[in-house]
Q: 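Quick one: the structure is below, questions incoming.
Position 1 is the first residue of the sequence; numbering continues from there.
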Amino acid sequence: VIAPAANNDAVISESKCNLLLSSISIALGNTGCQVPLFVQIHHKWRRMYVGECQGPGVRTDFEMVHLRKVPGQYTHLSGLLDIFKTKIGCPLTPLPPVSMAIRLTFVLQDWQQYFWPQQPPDIDALVGGEVGGLEFGKLPFGACEDPISELHLATTWPHLAEGIIVDNDVYSDLDPLQAPQWSVRVRKADNPQCLLGDFLTEFFKLCRRKESTDEILGRSAFDEEGKEVADITHALSKLTEPAPVPIPKLSVTNMVHSAKKKIRKHRGVDESPLNNEVLNTILLFLFPDAADKLGDVFENRASTSAGNNPPPENEDYNLFSQFKSAPSDSLTYKLALCLCMINFYHGGVKGVAHLWQEFVLEMRYRWENNYLIPGLANGAPDLRCCLLHQKLQMLNCCIERKKARDEGKRGSMSDRSPGGASGDGAKGGEHSGENPDKEKEFGKSWESWSDSEEEFFECLSDTEDLKGNGQENGKKGAKESVNLKPEGRLHPHGKLMLLHPGEPLYVPITQEPAPMTEDLLEEQSEVLAKLGTSAEGAHLRARMQSACLLSDMESFKAANPGCCLEDFVRWYSPRDYIEEEVIDEKGNKVIRGELSARMKIPSNMWVEAWETAKPVPARRQKRLFDDTREAEKVLHYLAVQKPADLARHLLPCIIHAAVLKVKEEEAVEDISSVKKIIKQIISHSSKVLRFPSPEDKKLEEIIAQIMSVEAIIARASDAHICTCLFKRGSGFSNLTFYP
């Protein structure tokens, strides 16, 4: 059948119809095809066709006439045989017997009352009382309405001769139950409503919203309680007066609901987007460690919450790196699924804004109280994931550093004796001071660098002068610099000795490099690029990039008094120290070394950094990674996100989850054509989602592909159910199914 592609494009003119028939005739003649071809004419709803069939020495033209009422003689076999004999115009007498194939088709259009396409809702359920029995952390799937509009049962007699069967207006031998062949055919509903497609479409609509969280929930909804416009003269006193920070135990009862209370204060109790039960359920799903009310239990779990089980090495799990989303067991992934469900079932954009505000408050609570965030892998931000996931990982790094620093500070205070100085702080160096006067001379103790109110531990002027003296001593020679007390030693190297003093070389305790998210890396790259290509710009760029090198040099000098640049290079970059065998004055073979050619270049950055570096252990250096500042930057970034920005960040996670759901459902039905489409979706999504701001049109294409696959799987599942029902009701085990 050749039909117009578009529903509104019909073959109405006679000339166009004749042109198509002529083309069909030529094609049939050239190919020798004996299959009849038909052309649909007039409007589609009329179901009118004309066609042609060619065989060896025979040509048949098919025409159709629409009648308002079917004549009685055309409703049975004998009447149709009379028409056929009249039309064929055969000159032979008597006419040879006619060979026939008979099919009776029964159409079923209404069977919705017999079964539900989705699981009925559980009215008593708190959160999952929706169609499909949906739970948090899962996406729904399948059609809400029946994806099949009609079911056709065809009973067929494939080979009959005239005279064997009687079928007229008063009697018929055609009993459907006695037909040798039964077959079932389904007619698909146009664009059936499917749950997964609806979830994706509604969540994508969030990306186009313009309102901020304050505009949605009320501009003053999250102001501090009791906040008054204070006199400007008291601004600094707020910063200087001591204020103990309470650290309550984390539990369901005291999880952050201050946002909800403030919403109620401005809008009324019944107007909050999310009720307490739903909100508690979501927060417990996102933060399972909050269910532990015992502090010891929580501490044990919190310390391991970030170290999840190693990710399974399978294709489905690693989809996050292709989609730039987040691992399927991560907090970000779970948050995306919860927001998607909240948007669809529990308040729309207002519910999303409310949950996000609670989430941000929970992040601040965990930062202030040193509770690690569950559902995030250890280590630096994973640049393969979405930016929001990287930000949460960065915040976890800050919490981890702050927690380790505070624990180290408490440990050093408990281990400190009245007559001795502190050890090497949180990092646990091997040497501790034995002379309090020498400690006063060298610098302040660990506690004084970071007290309860001041998080930063910058070096002060008196220690700067002292470190300068230490540097000069290092230049004068080992005889004077050996008076400096070694600090910040991790362990002996084992193989290397210092060149000049001849003492063992110690590996220093160094600061870890600062973790970076992709937006910080991009910002840093832009700053470095703006310095230009001039010699001055290149020099400044090198100095900016050598902060970590300078810190390591200072730690090395503190751990190895009397060392030189060659000692540092031998440990830090062995390839830049070239050793060779030479014969000395006595004729003995000795090994002598020197710096590489690049280290001898004038104005070399390594030489300049070494001359600038002072013997300062890592615990008293300015932090390379200021966790307090970075955590506040992350929290501010999270707080200013609009629902639209949040939806943009999490849309790759939703598409990722939708693809996994489609693959799971397809595995049940095992449809080969759907497998190919899923591979195309993954390939297309990988190309589109890698860009920071993908085009809306391309995102809509991905969502449309997922919706089409969902409809195909829903139809296949429904059709299989229908087939089983027919087999059970008819007793036919050889029933043929035609999708």
Side-chain angles (χ1 to χ4, degrees), residues 429-431 467-513 528 531 533-618 621 624:
E430 295 179 9
H431 293 263
K467 287 180 287 179
N469 295 335
Q471 180 191 0
E472 293 172 4
N473 291 338
K475 292 182 180 178
K476 289 178 181 178
K479 190 173 182 179
E480 297 181 13
S481 63
V482 76
N483 294 327
L484 288 176
K485 182 189 66 175
E487 293 185 278
R489 288 179 170 179
L490 184 62
H491 58 77
H493 187 279
K495 296 181 180 179
L496 298 179
M497 306 286 288
L498 297 180
L499 293 178
H500 297 306
E503 297 179 356
L505 186 149
Y506 281 84
V507 176
I509 297 172
T510 58
Q511 294 194 59
E512 296 181 14
L528 296 176
L531 295 176
T533 57
S534 62
E536 183 180 357
H539 185 74
L540 184 58
R541 188 184 301 109
R543 287 184 64 85
M544 292 176 63
Q545 293 175 315
S546 64
C548 187
L549 175 65
L550 180 62
S551 171
D552 292 342
M553 285 182 172
E554 291 186 339
S555 300
F556 188 84
K557 280 188 173 184
N560 299 280
C563 62
C564 59
L565 177 60
E566 286 80 359
D567 294 322
F568 178 77
V569 171
R570 288 162 63 214
W571 166 67
Y572 202 83
S573 180
R575 290 183 297 178
D576 283 308
Y577 189 78
I578 303 171
E579 294 181 335
E580 57 182 357
E581 287 187 357
V582 296
I583 300 176
D584 61 4
E585 298 174 353
K586 298 180 181 180
N588 298 325
K589 289 184 178 181
V590 294
I591 297 177
R592 291 182 180 174
E594 60 178 358
L595 296 176
S596 63
R598 79 183 184 105
M599 289 292 178
K600 297 179 180 179
I601 299 174
S603 300
N604 181 276
M605 181 52 60
W606 285 60
V607 176
E608 290 188 5
W610 182 258
E611 293 174 354
T612 307
K614 301 166 186 177
V616 185
Q621 294 175 8
L624 293 177

Q: Among residues at least two apart in sequence or on other chains, which ones pass salt bridge (Lys or Arg N to Asp or Glu O under 4.0 Å) with Lys600?
A: Glu594
Q: Decide yes or no for Phe556 and Leu505: does some side-chain heavy atom of the first lie under 4.5 Å from some side-chain heavy atom of the second?
A: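 Counting from C-beta outward, Phe556 and Leu505 do come under 4.5 Å.
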Q: With a 4.5 Å cut-off on side-chain heavy atoms, are Cys563 and Trp610 touching?
A: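 Result yes, sub-4.5 Å side-chain heavy-atom pair found.
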Q: How long is the gap from CE on Met599 to CD1 on Ile578, to the nearest 0.5 Å?
A: 10.5 Å
Q: Taking all non-hydrogen atoms of both residues into account, name the closest pair between Tyr506 and Ala559 and its distance.
A: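 Closest approach of Tyr506 to Ala559, heavy atoms only: CB-O, 4.2 Å.
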Q: Can you sort out the partners of Arg598 under salt bridge (Lys or Arg N to Asp or Glu O under 4.0 Å), two or more places apart, ordered by chain and number?
A: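 Partners of Arg598 by the salt bridge (Lys or Arg N to Asp or Glu O under 4.0 Å) criterion, ordered by chain and then number, come out as Asp576.
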Q: Suppose the criterion is side chain to side chain donor-acceptor pair (under 3.5 Å): which pairs have a residue in residues 559-568, not counting sequence neighbours?
A: Asp567-Arg570
Q: Can you find a pair of side-chain heavy atoms, one from Leu565 and one from Met553, that are under 4.5 Å apart?
A: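 In contact.
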Q: Taking the side chain as every heavy atom from C-beta outward, state whether Lys557 and Phe568 have any pair of such atoms under 4.5 Å apart.
A: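 The answer is no, as the side chains (C-beta and beyond) never meet within the 4.5 Å cut-off.
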Q: Rounded to the nearest 0.5 Å, what's the gap from SG on Cys548 to CD on Glu512? Could you check?
A: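 Nearest 0.5 Å value for the SG-CD distance: 10.0 Å.
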Q: Counting only N and O atoms by type, is there a donor-acceptor contact under 3.5 Å from the side chain of Ser573 to the main-chain atoms of Val569?
A: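 No.
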Q: Distance check, rounded to the nearest 0.5 Å: Ser596 atom OG versus Arg575 atom CZ?
A: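 Separation between the atoms: 10.0 Å.
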Q: Would you name the heavy atoms of Leu499 and Cys564 that are closest together and state the gap between them?
A: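 That closest heavy-atom pairing would be CD1-SG, 4.2 Å.
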Q: Minimum heavy-atom separation for Ala558 to Pro617, with atom names?
A: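 Smallest heavy-atom distance, with atoms named: CB-N, 3.6 Å.
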